[in-house]
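Just below is one structure, and these are the notes that go with it.
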Amino acid sequence: MYDKNSNKDWATAAVTAALGAGVVTSFAVGQGQDPLVALGITGFAVVAALICDALL
């Protein structure tokens, strides 16, 4: 019916995932979590969002 993959915007998916994970992990850093762990979680969320965006 329509070409679902014709207009992928990976930058939007990456920014959306980074913002969503960044809000949660910034709260966790405020509660005492290591900032490097928080950055790792945020990076993982971005990679997972890009993989999901590419496959779906």
Side-chain angles (χ1 to χ4, degrees):
M1 180 187 265
Y2 60 92
D3 188 10
K4 184 173 153 181
N5 295 326
S6 66
N7 194 9
K8 293 269 184 199
D9 189 8
W10 291 358
T12 302
V15 168
T16 303
L19 286 174
V23 168
V24 175
T25 54
S26 64
F27 175 75
V29 168
Q31 298 297 315
Q33 182 182 21
D34 183 22
L36 291 177
V37 172
L39 284 174
I41 292 169
T42 303
F44 179 78
V46 169
V47 170
L50 290 175
I51 290 171
C52 288
D53 188 48
L55 296 176
L56 301 176

Enumerate donor-acceptor pairs with a distance under 3.5 Å from any side-chain N or O in residues 38-45 to protein atoms, sequence neighbours excluded.
from : atom 1 : to  : atom 2 : distance (Å)
T42  : OG1    : T25 : OG1    : 3.3
T42  : OG1    : A38 : O      : 3.0

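- A search for side chain to side chain contact (heavy atoms under 4.5 Å, CB included) contacts involving A49 returns A17, not counting sequence neighbours.
- The side chain to side chain contact (heavy atoms under 4.5 Å, CB included) search around V23 returns none, not counting sequence neighbours.
- The other residues sharing a hydrophobic cluster with V15 are L19, where clustering joins ILVMFWY side chains under 4.5 Å apart.
- Partners of S26 according to the side-chain hydrogen bond (donor to acceptor under 3.5 Å, both in side chains) rule, which considers only residues two or more places apart in sequence or in another chain, do not exist here.
- The side chain to side chain contact (heavy atoms under 4.5 Å, CB included) check on A28 picks up Q33, with sequence neighbours excluded.
- Under the side chain to side chain contact (heavy atoms under 4.5 Å, CB included) criterion, L50 pairs with W10, A13, A14, V46, sequence neighbours left out.
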